[in-house]
Amino acid sequence: MKTKHEILTALAHSGEEKILLASLLDKEQTCETRGYATSTRFLSMSERALCTEAVHQAGATGHAVFWGGYEDAERGLYLFYPDYMDAESAKLSAPLALLRAHKSRSDTLTHRDYLGALMGLQLDRSMVGDILVHEEGADIIVHEDAAEFILMHFGKAGRKNISLTREELSGLKCAVTVEKRGSGSVASPRLDSVASLVFNLPRRDAQLRIEKGLVFVNNAPCLKPERQIHEGDRITVRGMGRAQIESFGGTSRKGRIFLDYVRNM
């Protein structure tokens, strides 16, 4: 277990990261000393990875859980809970609200339309979680502190009129996704090679996206194109969806490795 100062020194490489981690560790300490649940605001995938390492170094993994309202959420809160709670009860008490945006059947609205309209309300991005677009509109997970404001002021997205209702989080509708199964071969199980195949990118383009922090392996950012990928690994390329590697098979006569994957777009 490391001290707050040691963790900040080891992990924070910018002023923003120092503020983020200091706030996280303060909330963990408040939970420990005062005996009530605390939470962060919504974290991006990069912030989540950083905070996960800080929670580990602080020795707080036994009373901390990441939760975005549903399993496999990309954005979520870090929840810290006292001894009389467990992870499931902490999730139930998380300060999350589900707002459902209803659109006209003839209108086509994208994730970008909804997010852009929300940011146009001058909301901080940390107040908005995942936006799950479906046929009726979108289910938007937000921080409880922002829910009433959004209900009052969010009436248009992509220049189209929408209406909002507040729903129980248990009634969350899944986003409409297209699942594509595929297979192919790579020279090696390096991240850049696998991402290039799965996401149909030129190898150099895949490398650049990795170096810019736009590629995630198992929800953690990976800046190393040479990272070895294994069966079961999940790869996310920001703006292009995610994929899971199902299996690596045999090799071709030229030594290339066959693999199977499932991609969600």
Side-chain angles (χ1 to χ4, degrees), residues 20-102 111 114-115 118 123-134 136-152 154 163-177 216 218-220 234 236 242 264:
L20 171 67
L21 294 180
S23 175
L24 174 89
L25 296 171
D26 286 346
K27 291 181 184 301
E28 187 276 329
Q29 191 59 36
T30 297
C31 174
E32 279 282 272
T33 57
R34 299 189 182 181
Y36 59 80
T38 59
S39 65
T40 66
R41 300 290 178 89
F42 282 102
L43 304 171
S44 67
M45 293 178 71
S46 297
E47 292 169 334
R48 171 185 177 180
L50 185 64
C51 288
T52 297
E53 181 58 28
V55 167
H56 175 74
Q57 292 193 16
T61 53
H63 63 274
V65 62
F66 179 84
W67 183 238
Y70 67 104
E71 296 300 330
D72 208 32
E74 288 193 0
R75 295 177 63 82
L77 320 175
Y78 244 112
L79 308 172
F80 298 102
Y81 52 92
D83 293 340
Y84 60 84
M85 297 178 73
D86 58 19
E88 291 308 309
S89 57
K91 290 177 183 178
L92 290 173
S93 65
L96 300 177
L98 170 59
L99 305 182
R100 181 163 294 154
H102 304 267
H111 181 282
Y114 291 108
L115 180 59
L118 285 166
L123 281 169
D124 192 280
R125 184 68 177 94
S126 65
M127 301 302 285
V128 181
D130 283 2
I131 300 173
L132 307 178
V133 179
H134 48 72
E136 297 177 22
D139 277 18
I140 306 169
I141 302 173
V142 303
H143 197 284
E144 180 63 51
D145 289 349
E148 289 304 317
F149 175 83
I150 295 172
L151 281 167
M152 291 176 60
F154 190 31
S163 61
L164 287 182
T165 57
R166 183 164 181 152
E167 307 290 339
E168 292 295 325
L169 200 52
S170 59
L172 183 72
K173 292 187 176 184
C174 294
V176 175
T177 60
F216 301 78
N218 300 327
N219 293 323
R234 301 189 63 182
T236 302
R242 63 178 67 178
N264 293 311

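One is the number of the first residue; the rest follow in order along the sequence.
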### Task
Evaluate the criterion side chain to side chain contact (heavy atoms under 4.5 Å, CB included) for residue pair I131 and L118; output intermediate values, then yes/no.
CA-CA 11 Å; I131 300 173; L118 285 166; 4.1 Å; yes
### Message
Please check this pair: side chain of D130 against backbone of A73, looking for a donor-acceptor N/O pair closer than 3.5 Å.
### Response
no
### Task
Sequence neighbours left out, what pairs pass salt bridge (Lys or Arg N to Asp or Glu O under 4.0 Å) with at least one residue falling in residues 83-95?
E71-K91, E88-K91
### Partners passing ring pair (Phe, Tyr, Trp, His ring centres under 6.0 Å) against F66 (at least two apart in sequence or in another chain)
Y78
### Counterpart residues, side-chain hydrogen bond (donor to acceptor under 3.5 Å, both in side chains), relative to T40 (two or more places apart)
none
### Task
State, to 0.1 Å, how close L98 and G171 come at their nearest heavy-atom pair, and which atoms those are.
CD2-C, 4.4 Å
### Message
Taking V128's backbone N and O only, do any of them form a donor-acceptor pair with R125's side chain (distance below 3.5 Å, no angle check)?
### Response
yes
### Query
Below 4.5 Å, heavy atoms only, C-beta onward: do L20 and L43 meet side chain to side chain?
yes
### Summary
With sequence neighbours left out, the residues meeting side-chain contact (heavy atoms from CB on, under 4.5 Å) with A146 are L123, M127, I150
### Message
With a 4.5 Å cut-off on side-chain heavy atoms, are T236 and E74 touching?
### Response
yes
### Task
Name all residues meeting the side-chain contact (heavy atoms from CB on, under 4.5 Å) criterion together with A147; count only those two or more places apart in sequence or in a different chain, and write none if there are none.
A97, V142, E144, R166
## Note on the structure
Correct closest heavy-atom pair for I140 and A101 would be CD1-CB, 4.3 Å
### Smallest separation among heavy atoms of A90 and L79, with atom names
O-CD1, 3.6 Å
### Message
Please give me the minimum heavy-atom distance between G69 and L96, naming the atom from each residue.
### Response
N-CD1, 3.6 Å
List the atom pairs, with distances to 0.1 Å, where a side-chain N or O of residues 22-32 and a protein N or O form a donor-acceptor pair under 3.5 Å, not counting sequence neighbours.
unit_1	atom_1	unit_2	atom_2	d
D26	OD1	K4	NZ	2.7
E28	OE2	H63	NE2	2.9
T30	OG1	D26	O	2.9

### Query
Which atoms form the tightest heavy-atom contact between A37 and P82, and what is the distance?
N-CD, 3.7 Å
#### Entry: For N264, side-chain hydrogen bond (donor to acceptor under 3.5 Å, both in side chains) partners two or more places apart
none
### Message
Just to verify, what does T165 make a side-chain contact (heavy atoms from CB on, under 4.5 Å) with, not counting sequence neighbours?
### Response
R100, H102, E167
### Message
If I take atom CH2 from residue W67 and atom CG from residue L92, how far apart are they, to the nearest 0.5 angstrom?
### Response
8.5 Å
### Query
Which residues satisfy the side-chain hydrogen bond (donor to acceptor under 3.5 Å, both in side chains) test with R234, sequence neighbours excluded?
D72
### Query
Which ring-ring contact (aromatic ring centres under 6.0 Å, His included) pairs, counting each pair once, include a residue from residues 36-62, with sequence neighbours left out?
none
#### Entry: Contacts of S44 that satisfy side-chain contact (heavy atoms from CB on, under 4.5 Å) - sequence neighbours left out
S46, E47, R75
### Summary
Taken in chain and number order and not counting sequence neighbours, the residues that satisfy ring pair (Phe, Tyr, Trp, His ring centres under 6.0 Å) with F149 are H153
### Task
Check whether any side-chain heavy atom of L99 lies under 4.5 Å from a side-chain heavy atom of F154, and answer yes or no.
no
